[in-house]
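Note that these values count all heavy atoms, side chains included, but never hydrogens, waters or copies made by symmetry. The sequence lines fix the lettering, A, B, ..., with proteins before strands; numbering per chain opens at 1.
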There are 2 protein chains.
Amino acid sequence: MDPHLLRTLVAVVEHRSFSAAARALGYTQSAVSQHIASLEADLGTKLVERRPVGPTGAGERLMEHAGPLLLRLDAARADIARLRAAPPTRLTLACTPAALTPSLAAALARVRRGAPGLAAGVRVLGPDAVVRAVLTGEADLGLVDGAAAPNDPLPLPDAGPMATVGVAEEPLAVLLPAGHPLAGRPALRLADLADAHWIDAPDTAVPLAQLRAAAHTDGFRPRLAYGGGDLAGLVRLVAAGHGLAATGLAAAAGQPGAVAVRISAPRLVHRTEAVHPRTPAEPVRALVEALGHTA
Amino acid sequence: MDPHLLRTLVAVVEHRSFSAAARALGYTQSAVSQHIASLEADLGTKLVERRPVGPTGAGERLMEHAGPLLLRLDAARADIARLRAAPPTRLTLACTPAALTPSLAAALARVRRGAPGLAAGVRVLGPDAVVRAVLTGEADLGLVDGAAAPNDPLPLPDAGPMATVGVAEEPLAVLLPAGHPLAGRPALRLADLADAHWIDAPDTAVPLAQLRAAAHTDGFRPRLAYGGGDLAGLVRLVAAGHGLAATGLAAAAGQPGAVAVRISAPRLVHRTEAVHPRTPAEPVRALVEALGHTA
DNA sequence: TTCCCTTACGTACGTCGTAACTATT
DNA sequence: AATAGTTACGACGTACGTAAGGGAA
């Protein structure tokens with residue numbers, strides 16, 4: 001189970017083709033064929049169905065391990081590389097849509113005033129991708145938002161050692177279409193919304209799975225899947241009545257066509273968390289501290 | 001960063017010697033030397049100090065990745081192997097000391113009555129080792145106890161996909177020496193115990209780190225470390241006044257020389273959880289169901 | 001001097017690419 | 001017939017063991 005072979009398996013399954021995977025990896029088609037054959041011989045099971053190409057049951061199972069494994073491998077390399085590297089002259093942030101708040105922007109501005117010439121970059125991604133970016137060193141700092149019990153950490157994928165610091169907690173809110181019968185209420189009970197129509201937008205709003213886990217319910221079933229990372233697009237879908245979405249009260253407020261109503265749930269808040277390497281370089285440490293002061 | 005090289009690194013650091021690691025792995029000393037050199041060349045950093053042999057800073061950092069990585073690799077192989085394997089004729093359980101309760105023993109007896117000829121084995125281990133045993137297929141089912149919020153899952157190491165089912169919740173209890181001034185109380189507030197002397201027995205009682213996390217405190221600092229997996233030994237240390245230990249009320253009750261007092265903490269219970277592969281073989285499924293009925 | 005890790009070197013095995021082959025549509 | 005994965009085979013590189021070399025106690 002050489003990691004190279006696993007990487008090839010991932011490419012083959014993703015491309016649904018041996019030759020396309022070979023092109024993507026810079027191998028010949030023959031090498032890819034040999035990689036898969038070698039994995040299958042090692043594990044004693046067929047992993048990939050040919051014509052059409054797709055994973056078998058065992059193949060899918062192995063895929064669930066391969067991704068985290070390869071990520072960890074990259075994370076380990078990045079972790080060691082950071083120990084040798086000079087502090088970055090360019091600060092790269094990865095954050096989820098609702099985590100990119102005015103106070104984050106202000107904190108970043110404050111840090112940059114203190115360090116003239118510090119370049120910066122911001123990438124908006126889904127929560128998992130933010131964590132991945134921090135682990136692999138693509139980003140120096142990540143900011144993720146989601147739902148959790150007060151003072152509890154967010155349930156983030158545990159793919160390696162990293163430090164997490166809560167930087168903001170605010171009430172949870174639900175986005176409703178402007179004309180919705182419940183839109184006038186001052187607050188709504190989360191339990192009453194479990195059977196509503198929901199939009200699953202795991203990269204943009206609070207993932208429904210997180211609501212289910214935090215509320216210990218079976219509800220919050222998606223009626224529409226929304227894949228982008230754009231909050232405005234999600235708001236338009238909510239406004240058109242496709243379903244509801246949960247996020248922080250501040251992020252949800254003042255969206256055109258939709259109304260944000262506070263969710264009153266026992267011990268459940270919208271939380272934003274900073275994710276960074278455990279030995280952060282100087283500008284990262286300063287930014288985390290600046291964020292802490294706004295919390 | 002070939003896994004073989006990582007395995008060698010782990011062995012070298014654990015044995016504090018190249019030649020001992022070579023013997024343990026079935027290599028020559030020369031090969032081990034080449035492995036380490038190759039890793040160091042790849043990462044561009046010295047990982048191991050020689051004479052005496054020990055990890056450098058970067059080496060320790062890499063070790064934190066190597067363990068989980070190798071575990072995941074074994075877990076992946078075991079996961080695939082289980083898909084092909086026939087249902088086991090011997091049921092192997094791994095459990096933490098306080099999880100081996102009369103009701104577990106009864107449930108196992110019930111299942112074995114329903115399946116005559118089913119051999120069984122029980123191993124008592126620390127929580128991490130229990131999870132490891134299940135992931136690598138050494139055990140068919142794991143039982144772990146610890147502290148958590150009611151209905152919340154225990155904070156287990158996330159080293160791979162597995163199913164967890166809560167099987168019991170009972171009040172948290174603290175073990176006190178028989179003559180202790182607080183021993184007569186009907187219940188104690190957890191917060192009042194944060195500054196007491198504690199014994200850290202992560203393989204036997206509730207790990208102190210779990211108490212800290214669950215109670216959102218900084219207290220519960222260990223005064224004595226207890227490494228074994230034997231509850232009776234821990235009780236003797238408590239009785240002798242070395243410090244306190246937390247566990248479930250039932251497991252703690254009736255221990256000679258010590259007194260169990262219920263801990264009243266807001267939203268904090270002692271919980272036992274079953275851990276098993278996501279597609280359990282028949283006898284495992286039956287046992288989990290039997291355990292569920294006792295909960 | 002002894003112990004233990006490193007380096008040199010030869011061999012064996014593994015991995016990749018080229019190219020011929022085979023199966024599916 | 002064309003497309004796409006497999007197999008055969010040869011060249012190259014890698015990884016191991018043997019054995020000689022070097023530095024610390």
Requested in this report: Find the distance A:Leu25:CG to C:dT15:P and express it as a whole number of Å.
Outcome: 16 Å
Query raised in the report: Could you state the CG-P distance from A:Leu39 to C:dT15, rounded to the nearest angstrom?
Result: 11 Å
Query raised in the report: Is the shortest distance from a Lys or Arg side-chain nitrogen in A:Asp200 or A:Arg212 to a carboxylate oxygen in the other one below 4.0 Å?
Result: no
**Report entry** Whole-Å distance separating the CD1 atom of A:Ile36 from the P atom of C:dT15
**Finding:** 14 Å
Query raised in the report: Does A:Glu138 pair with A:Arg90 as a salt bridge, N-O distance under 4.0 Å?
Result: no
Report task. Look at all strands and tell whether B:Val32 reaches a base, only sugar-phosphate, or nothing, counting heavy atoms closer than 4.0 Å. Result -> nothing
Query raised in the report: Is the side chain of B:Ser38 donor-acceptor paired with the backbone N or O of B:Gln34 at a distance under 3.5 Å, no angle test?
Result: no
Query - Presence of salt bridge, B:Asp79 and B:Arg82, under 4.0 angstrom - result: yes
Query raised in the report: A:Gln34 has an atom CD; how far is it from atom P of C:dA19, in whole Å?
Result: 15 Å
Query raised in the report: Would A:His242 and A:Tyr226 count as a close aromatic pair, with their ring centres under 6.0 Å?
Result: no
Report task. Check every atom of D:dA19, D:dG23, D:dG5 against the side chain of A:Arg51 and return the nucleotide holding the closest atom. Result -> D:dG5
Query raised in the report: Which sits closer to the 5' end of DNA chain C, A:Pro52 or A:Ala31, going by the nucleotide each is nearest to?
Result: A:Ala31
Query - Touch class at under 4.0 angstrom, heavy-atom based, for A:Ser19 against every strand present - result: sugar-phosphate
Report task. Please determine, for the side chain of A:Gln29, which listed nucleotide (D:dT6, D:dC16, D:dT7) has the closest atom? Result -> D:dT6
Query raised in the report: NE2 of A:His15 versus P of D:dG5: gap in Å, rounded?
Result: 13 Å
Report task. Kindly indicate whether the side chain of A:Ser33 and the base of D:dT7 share any N or O donor-acceptor pair separated by less than 3.5 Å? Result -> no
Query raised in the report: Side chain of B:Ser30, base of D:dT18: donor and acceptor closer than 3.5 Å?
Result: yes
Report task. Grab the NE2-P distance between B:His4 and C:dC13 for me, whole Å please. Result -> 16 Å
**Report entry** Spacing between A:Arg16 atom CZ and D:dA4 atom P, to the nearest angstrom
**Finding:** 16 Å
Query raised in the report: For B:Ser17, which contact category applies under a 4.0 Å heavy-atom criterion: base, sugar-phosphate, or nothing?
Result: sugar-phosphate
Requested in this report: Establish, with yes or no, whether the OP1 or OP2 oxygen of D:dC16 is under 4.0 angstrom from a side-chain nitrogen or oxygen of B:His35.
Outcome: yes
Query raised in the report: Rounded to the Å, how far apart are A:Asp2 CG and D:dA15 P?
Result: 10 Å
